[in-house]
Amino acid sequence: MISENPFDQFRRECQTVLSNALKKTLPEIKTPAITLSKTPNIEYGQLASSLCFELAKKLNQKPLSLAEHLVGAIDKSSFKLIEKVSCAGAGYINFYVNFAKFSALTLESVKQLKFDYGFVKTAKPNKIIVEHTSVNPLHPIHIGQARNPLLGDALARILECRGYKVSRHYYIDDVGRQSSVVAYGYEKLGRPKPTEKADHFVGKIYTVTSCLVEINRLKKARDLAIAVHSADDLVKVNKEIDEWMSIAAELKEKYPVLFESLMAKIGEDQNPEEEINRLNRAYEDGEPKAKQLIREVSDLCLEGFRETMKRVEVTYDSWDWESDFVWSTQVSEVLQKLKTSPFVYSEKGVLEFDAEKVVQVLNLKGKLGLGENHEVSPLTLVRADGTTLYTTRDIAYTLWKFKHAQKVINVIGMEQSLAQLQLKLALYALGYGEYAENFVHFAYNLVTLPGYKMSSRRGHYITFDNVLDEAVQRAYEEVSKRSPQLSEKEKRKIANFVGLGAVRYALVDVDSSKPVIFTWERVLNFETNSAPYVQYTHARACSILRKAAREPEKPAFELLSEKLERELILNLASFPDTFVEAAEYLKPNLIADYANVLADKFNTFYNALPVIKAESQGLSDARITLTQAIQIVMHNALTLIGVVAPEKM
RNA sequence: GGGCUCGUCGUCUAGUACGGAUUAUGACACCGGCCUGCGGAGCCGGAGGUCCUGGGUUCAAAUCCCAGCGGGCCCGCCA
């Protein structure tokens with residue numbers, strides 16, 4: 001007898017029993033939906049109902065006497081998992097599980113389902129596209145952006161285990177001015193071969209080029225301000241020039257050769273700004289030379305990204321080029337269709353989308369959860385020169401995604417909430433209400449450095465690669481200190497999964513709606529960080545099982561009567577609940593927390609109670625089975641967030 | 001100016017969707033203990049709190065509502 005969700009089985013029994021008692025004692029009352037909550041303490045049983053507090057008022061009775069009545073009417077004879085039901089406090093009804101049976105059910109279920117345990121399948125195994133990472137191919141991925149792939153990958157793993165057909169997409173944003181800036185610099189340098197990791201190489205070219213072009217532009221603006229005698233503008237421009245000059249000085253010091261040669265080459269052009277705009281235009285128009293150039297530099301950068309992502313075991317099923325949607329008819333088709341809707345108007349030669357009107361006309365305020373005073377700003381769809389904007393192209397991309405999936409989840413920072421809302425409203429405007437309802441913006445909060453925001457344009461960032469290197473290096477020092485007897489190869493291997501695990505954990509374990517301030521301490525302190533702790537605990541469980549060196553023959557589950565053991569059983573039995581919640585509410589941090597709690601409990605158990613040398617063979621067998629189950633569940637939880645569960649470390 | 005979002009011991013953090021129990025979760029740092037026991041990257045104990053503030057709803061509020069305060073973000077012919 002096994003169950004894919006033991007705790008839920010117990011809960012259902014309790015619900016049925018209570019609902020029956022209710023019908024019997026109070027037939028005149030319409031039976032409410034019975035929700036049971038976990039008790040604050042194992043002394044109060046495992047599940048509790050506060051139903052009597054609600055009923056008391058309606059019936060004008062005391063909650064406690066109602067509870068007594070109901071408890072008296074409960075017939076649990078045909079249910080196997082309920083040990084007893086009692087009333088407590090001012091009117092709670094507490095349900096106690098029969099641990100002998102429940103332990104057997106739980107442990108046998110884990111053992112049989114093994115690496116599938118906990119992964120309760122959805123009733124609707126739809127296809128879901130998860131778009132994540134999508135860092136512009138201009139510079140290396142920095143630590144602020146790294147929260148995205150780690151959250152996205154954890155979500156994808158969780159949804160996949162939930163039974164959805166998940167496809168992971170990377171949207172390559174190669175259209176737009178910034179791509180032309182880097183391509184312009186790259187071309188000026190004579191399309192050099194990378195002398196280091198490709199994305200880092202491209203990133204330097206981008207930052208220096210962007211800085212030089214910006215200064216050039218600002219100087220022209222200054223001349224203009226002088227010419228028209230605008231003192232205000234002059235002050236403003238001068239301030240900006242000062243800022244960029246200091247950035248230039250920094251860059252010149254960091255990359256003297258690159259800086260000098262780009263400065264000389266860019267200096268040859270009368271108007272670099274115009275060259276870049278021309279390139280941008282040519283790329284959107286699909287001119288072969290522009291295509292060749294921008295794709296080449298973008299590909300270089302992506303090559304670096306692939307390397308980084310391979311290292312942390314984040315994978316993608318599809319790399320989608322934004323430019324492909326521009327070159328095909330898809331973007332213009334969307335525009336044509338939008339133009340015929342009543343939500344688009346033309347102003348000073350640009351095409352505007354009236355998002356607020358969509359909300360009004362289709363009465364979406366409540367459905368979208370918008371506040372009373374929330375007015376959605378309009379969105380510019382097409383520039384005066386006829387080129388499109390980012391969100392416009394994203395509409396076409398989104399429609400394409402819905403040709404391949406029933407649900408679309410975009411892992412995108414919360415700073416893009418407005419654009420994502422406008423995009424959703426555009427789907428409504430186009431008549432794709434169903435798409436709009438299955439379009440999810442998974443918004444996460446920013447990662448910042450203490451004191452300032454990371455800026456790729458200014459070259460102020462800590463790269464993800466750098467963080468990974470540091471983490472692995474630091475882990476190596478720890479391993480060498482703690483396990484000097486290991487071979488060099490083993491040390492390296494352990495340092496790798498500990499370091500990478502710590503980084504993944506650090507960026508997934510905080511609620512994604514909360515901001516994270518990046519400190520090295522947060523990632524590298526292996527005392528604070530739970531990933532190495534959980535990994536260590538997993539290895540410890542494996543070690544016991546190795547030492548035991550036997551399969552439990554006759555586990556006496558009824559002997560697992562210590563409070564610690566019971567808490568562990570309850571934790572194991574509740575893993576499916578936690579998993580389902582994490583999947584349905586898109587909360588990967590729940591999994592990280594769960595793993596940590598389980599590890600904590602196991603360590604306490606480990607210190608307090610002997611497993612192999614337990615008083616009797618039956619108890620020892622039961623504790624070995626418990627340890628096996630803990631090891632399996634810890635492994636399953638870690639896998640969901642992409643952290644290695646090691647047998648040794 | 002408007003909108004969105006976050007605010008919980010010194011620091012970091014769980015709980016907030018779906019209000020419940022005397023005692024608000026855990027970690028770091030701090031104080032004091034535990035290695036001749038299955039892995040000490042561990043365990044046990046102690047101290048530390050206006051759950052941002054003020055109202056309201058309720059038998060019951062960290063959780064819901066209203067009004068504020070503080071930080072971050074957005075309101076571009078950028079992405």
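Below, chain A is the first sequence line, B the second, and so on; all start at residue 1.
- The distance from atom CD of A/Glu375 to atom C1' of B/C74 is 15 Å, rounded to the nearest whole Å.
- Using a 4.0 Å cut-off, some side-chain N or O of A/Lys547 falls inside it from OP1 or OP2 of B/G39.
- At a threshold of 4.0 angstrom between heavy atoms, the contacts of A/Ala539 include nucleobase atoms, whether or not backbone atoms are also involved.
- Looking at the side chain of A/Leu418, the nearest of the listed nucleotides B/C59, B/C78, B/C75 is B/C75.
- The distance from atom CD of A/Glu527 to atom P of B/C30 is 11 Å, rounded to the nearest whole Å.
- Side chain of A/Thr528, nearest nucleotide from B/C77, B/C28, B/U22: B/C28.
- Using modelled atom types, no side-chain atom of A/Ser530 and backbone atom of A/Tyr533 make a donor-acceptor pair closer than 3.5 Å.
- Within 4.0 Å of A/Ala90, counting heavy atoms only, lies no atom of the nucleic acid at all.
- Toward the 5′ end of RNA chain B lies the nearest nucleotide of A/Gly89, the other residue of the pair A/Val382 and A/Gly89 mapping further downstream.
- Across the strands present, B/G1 finds its partner in B/C75; the criterion is a Watson-Crick or G-U wobble pair with both atom distances under 3.5 angstrom.
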*Test side chain to side chain donor-acceptor pair (under 3.5 Å) applied to A/Gln178 and A/Tyr206, step by step*: CA-CA 8 Å; A/Gln178 297 176 70; A/Tyr206 169 69; 3.1 Å; yes
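- Between the side-chain ring of A/Tyr44 and the base of B/A21, a stacking contact exists by the 5.5 Å and 30° definition.
- Figure legend. B/C64 is base-paired to B/G56; pairs are counted as Watson-Crick or G-U wobble with both atom distances under 3.5 Å.
- For the side-chain contact (heavy atoms from CB on, under 4.5 Å) test with A/Pro588, the passing option among A/Val508, A/Asp509, A/Asp593 is A/Val508; the others fail.
- Between A/Arg11 and A/Asp8 there is a salt bridge, since a side-chain N of the basic residue sits under 4.0 Å from a carboxylate O of the acidic one.
- Atom name C1', nucleotides B/G42 and B/A27: the rounded distance is 15 Å, in whole Å.
- Protein atom CE of A/Met634 is 14 Å distant from nucleotide atom P of B/G42, rounded to whole Å.
- Between the side chain of A/Asp593 and the base of B/A27, no donor-acceptor pair under 3.5 Å is found.
- Phosphate proximity of B/C6 to A/Ser513: present, with a side-chain N or O under 4.0 Å from OP1 or OP2.
- Only the C1' atoms considered, B/A61 is 11 Å distant from B/G56, to the nearest whole Å.
- The shortest distance between the side-chain N/O atoms of A/Lys514 and the OP1/OP2 oxygens of B/U5 is not below 4.0 Å.
- Side-chain atoms of A/Lys57 lie closest to B/C59 of the nucleotides B/C59, B/G15, B/C38.
- A cation-pi geometry, defined here as NZ or CZ lying under 6.0 Å from the six-membered ring centre and within 45° of its normal, holds between A/Lys38 and A/Phe7.
- Listed candidates were B/C75, B/A21, B/A41. Nearest to the side chain of A/Val498 is B/A41.
- Across every strand in view, B/G70 sits in a pair with B/C6 that passes the Watson-Crick or G-U test at under 3.5 angstrom.
- Candidate nucleotides B/C44, B/C77, B/U16 were compared by shortest atom distance to the side chain of A/Lys587, and B/U16 ranks first.
- Going from atom CD of A/Glu415 over to atom C1' of B/C78 covers 13 Å, rounded to whole Å.
- Between A/Arg393 and A/Ser50, the residue whose closest nucleotide on RNA chain B is further toward the 5' end is A/Ser50.
- Between A/Arg383 and B/G76 there is no side-chain N or O to OP1 or OP2 distance below 4.0 Å.
- In this entry the distance linking CZ of A/Arg217 with P of B/C78 reads 12 Å, nearest Å.
- Between the side chain of A/Asn41 and the backbone N or O of A/Glu43, at least one donor-acceptor pair lies under 3.5 Å.
- The pairing partner recorded for B/C38 is none, the criterion being a Watson-Crick or G-U wobble arrangement whose two distances lie under 3.5 angstrom.
- Counting only heavy atoms from C-beta on, A/Val510 has its side chain closest to B/U13 among B/C77, B/U13, B/A41.
- Of the listed nucleotides (B/G15, B/C43, B/C78), B/C78 has the atom at the smallest distance from the side chain of A/Leu389.
- Applying the 4.0 Å criterion to OP1 and OP2 of B/G2, one finds that A/Asn373 has every side-chain N and O outside that range.
- If you check distances only, the side chain of A/Glu581 does reach the base of B/A17 with a donor-acceptor pair under 3.5 Å.
- The CZ atom of A/Phe602 sits 10 Å away from the P atom of B/G39 (whole-angstrom rounding).
- In this model, the phosphate group of B/C28 is not approached by any side-chain N or O of A/Arg522 to a distance below 4.0 Å at OP1 or OP2.
- Within the 4.0 Å cut-off from OP1 or OP2 of B/A14, not a single side-chain nitrogen or oxygen of A/Tyr594 is found.
- Listed pair A/Arg482 / B/A41 meets the phosphate criterion, a side-chain N or O lying under 4.0 Å from OP1 or OP2.
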*asked:* Let's go through A/Asp354 and A/Tyr345 carefully: what are the C-alpha distance in whole Å and the side-chain angles of both, what is the deciding distance for side chain to side chain donor-acceptor pair (under 3.5 Å) to 0.1 Å, and is it a yes or a no?
replied: CA-CA 8 Å; A/Asp354 189 346; A/Tyr345 59 92; 5.5 Å; no
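- Under 4.0 angstrom from either OP1 or OP2 of B/G39 there lies at least one side-chain N or O belonging to A/Ser543.
- Distance, A/Leu381 CG to B/C77 C1': 11 Å, rounded to whole Å.
- Checking B/C77, B/A21, B/G39 against every side-chain atom of A/Tyr536, the shortest atom distance belongs to B/G39.
- In this entry the base of B/C35 is syn relative to its sugar, with a glycosidic angle within 90° of 0.
- Nucleotide B/A14 forms a pair with no other nucleotide shown, judged by Watson-Crick or G-U wobble geometry with both contacts under 3.5 Å.
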*Please lay out, stage by stage, how A/Asn410 and A/His441 fare under the test side chain to side chain donor-acceptor pair (under 3.5 Å).*
CA-CA 5 Å; A/Asn410 286 348; A/His441 174 206; over 6 Å; no
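- With A/Tyr476 as the aromatic partner, A/Arg492 meets the cation-pi criteria of under 6.0 angstrom to the ring centre and within 45 degrees of the ring axis.
- A/Leu609 comes within 4.0 angstrom of a base, heavy atoms only.
- Between the P atom of B/C28 and the OH atom of A/Tyr505 lies a distance of 13 Å, rounded to the nearest Å.
- At the phosphate of B/C75, neither OP1 nor OP2 sits under 4.0 Å from any side-chain N or O atom of A/Ser377.
- Of the candidates B/C74, B/G15, B/C38, the closest approach to any side-chain atom of A/Asp511 belongs to B/G15.
- Taking only side-chain atoms of A/Met414, from C-beta outward, the nucleotide of B/C73, B/A21, B/A41 with the closest atom is B/C73.
- OP1 or OP2 of B/C43 lies within a sub-4.0 Å distance of a side-chain N or O belonging to A/Tyr533.
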